Amino acid sequence: MITDYLPRQLIAVAAGYQEGNTHVHVVSAELYENNKLGIWFPKSHTYSTNDLITLHLDNRTGVDIYDAELEVYRASYKGKVISISGNRLMLAPLETMVFYGNKCIYKYQAEEYTYPCDTRPEVSLKISPQQKGITPDDTEFENKVGVLITQALEQPHTTVMAFLSSTEDDIFMITYPNSFKGQLLARDTHCIFAIDNRNTFTFETHIDWNYTLISAEAFRVEKNSQLFTQVQDLFIAKNPWEAGFFLADEIEMYHLKSKGVVCNQALIANLL
């Protein structure tokens, strides 16, 4: 079970579709037997029974040192709402995977769950419109990783990512285009990036969190551009364990250009 790898009480990033929009919250989560998950919204929510929610869970709390293996336990949890009591929801698991480093060490899939066939065509991402250098957001220098929410079918996909943020609230990250998140961005460039501060505090003493949710559109940064070179240097200075990834020919840099920022409440990204 997930509780073999993660504590029963965690901070989680929760995402779900409602009426064509993506709703994202940072919530308190509690793991139960049989991989059921209870979540509590600090503010209101609009979910109903049988709605689908994806959550990112990890034990980053109090962790401020990372390496290339990203040696924290983290899980992607796809669940269905089975009961509601005010701001508290209970979810039944549909699919969950726990990762440590680059390996999946635990996987659960409900018998009735099948991943939807994604027939949306992939397109080449547009080149970043950024024409000049960026000014990094130094207030996020100690905040090494955030959670990327991309638009998979039926319910969003979540994954933890090293990042560089700018004073314009843009996000820069690197990944392989053939990764699942890369394929999703090629099908739908709309995404959300969640930045929280769990690496600098303990769960027991913080219930009302400070966090940032950025609604963005993904672009590609050309490797031979001045922007790529500048961001690479800044990115490695902030996340030195990522330096080796830049040696891979197939790696791509993504510019998540901010469309809007919301703090401490749900972010609704219009997907129309």
Side-chain angles (χ1 to χ4, degrees), residues 6 10-18 21-29 37 39-45 47 52-64 66 70 72-79 89 99 137 139-152 155-166 168-175 180-181 184-185 188-201 203 206-218 238-239 254-271:
L6 292 170
L10 316 102
I11 299 166
V13 176
Y17 299 141
Q18 293 184 297
N21 298 314
T22 300
H23 289 223
V24 178
H25 303 257
V26 174
V27 300
S28 171
L37 184 68
I39 59 175
W40 174 77
F41 292 80
K43 297 187 178 180
S44 61
H45 69 87
Y47 287 105
L52 303 179
I53 303 178
T54 302
L55 295 103
H56 173 82
L57 312 167
D58 65 47
N59 67 339
R60 276 186 291 137
T61 303
V63 175
D64 58 6
Y66 299 95
L70 192 59
V72 294
Y73 290 101
R74 58 199 190 278
S76 172
Y77 184 102
K78 294 179 181 177
L89 278 61
F99 292 86
D137 183 359
T139 64
E140 296 290 356
F141 187 84
E142 298 301 328
N143 212 358
K144 305 301 184 183
V145 296
V147 177
L148 173 69
I149 299 101
T150 43
Q151 312 303 318
Q155 55 195 121
H157 175 69
T158 60
T159 185
V160 68
M161 299 291 297
F163 73 96
L164 175 74
S165 56
S166 77
E168 299 296 321
D169 297 319
D170 290 352
I171 298 293
F172 293 85
M173 65 178 202
I174 56 173
T175 192
F180 187 58
K181 54 187 169 289
L184 288 174
L185 288 173
D188 191 330
T189 58
H190 295 285
C191 59
I192 298 166
F193 200 84
I195 305 173
D196 59 52
N197 296 300
R198 76 181 76 185
N199 64 307
T200 58
F201 60 69
F203 181 84
H206 287 74
I207 299 300
D208 188 15
W209 312 281
N210 294 318
Y211 60 88
T212 302
L213 303 172
I214 299 172
S215 176
E217 182 175 358
K238 179 174 183 282
N239 311 297
Y254 291 80
H255 172 194
L256 309 184
K257 185 171 178 57
S258 174
K259 297 168 61 179
V261 175
V262 177
C263 296
N264 289 338
Q265 61 183 18
L267 172 69
I268 301 176
N270 193 330
L271 302 183

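In this chain, numbering begins with 1 at the start of the sequence shown. All values reported here derive from a predicted model rather than from experimental measurement.
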Candidate list D58, L57, T158, L55, test side chain to side chain contact (heavy atoms under 4.5 Å, CB included), partner S76, passing option
T158
Check whether S28 reaches the backbone of W40 with its side chain - one donor and one acceptor, N or O, closer than 3.5 Å.
no
Side chains of V24 and V13: closer than 4.5 Å at any heavy-atom pair?
yes
Specify the closest pair of heavy atoms between A15 and I149, including all atoms of both residues, with the distance to one decimal.
CB-CG2, 3.9 Å
Has K257 got its NZ or CZ under 6.0 Å from the middle of the six-membered ring of Y254, at an angle within 45 degrees of the ring axis?
no
Ring pair (Phe, Tyr, Trp, His ring centres under 6.0 Å) partner of F163, the single match among F141, F193, F172:
F193
I'd like to know whether CD of Q18 has more than 12 heavy-atom contacts from other residues, nucleotides or ligands below 6.0 angstrom.
yes
Looking only at atom types and distance, does a side-chain atom of Y47 sit under 3.5 Å from a main-chain N or O of G16, one as donor and one as acceptor?
yes
With rounding to the nearest 0.5 angstrom, report the OG1 to CD distance, T54 to Q155.
3.5 Å
Classify the side-chain pair H25/K43 by whether it contains a donor and acceptor separated by less than 3.5 Å.
no
State the OG1-CD distance between T189 and Q151, to the nearest 0.5 angstrom.
9.5 Å
Ignoring hydrogens and angles, tell me if any N or O in the side chain of K78 forms a donor-acceptor pair with the backbone of H157 under 3.5 Å.
no
Between atom NE2 of H190 and atom CG of L184, what is the distance when rounded to the nearest 0.5 Å?
13.5 Å
How far does OG of S215 sit from CG of L213, to the nearest 0.5 angstrom?
10.0 Å
Check against side-chain contact (heavy atoms from CB on, under 4.5 Å), I195 and I171
CA-CA 10 Å; I195 305 173; I171 298 293; 3.9 Å; yes
Answer whether the closest heavy-atom distance between the side chains of I53 and I39 falls below 4.5 Å.
yes
Kindly indicate, with the supporting measurements, whether the criterion side-chain contact (heavy atoms from CB on, under 4.5 Å) is fulfilled by L148 and L256.
CA-CA 10 Å; L148 173 69; L256 309 184; 3.9 Å; yes
Let's go through L89 and V27 carefully: what are the C-alpha distance in whole Å and the side-chain angles of both, what is the deciding distance for side-chain contact (heavy atoms from CB on, under 4.5 Å) to 0.1 Å, and is it a yes or a no?
CA-CA 11 Å; L89 278 61; V27 300; over 6 Å; no
The reported gap from NE2 in H56 to CD1 in I11 (rounded to nearest 0.5 angstrom) is 11.0 Å
Interatomic distance, CE@M173 vs NE2@H255, rounded to 0.5 Å, equals 11.5 Å
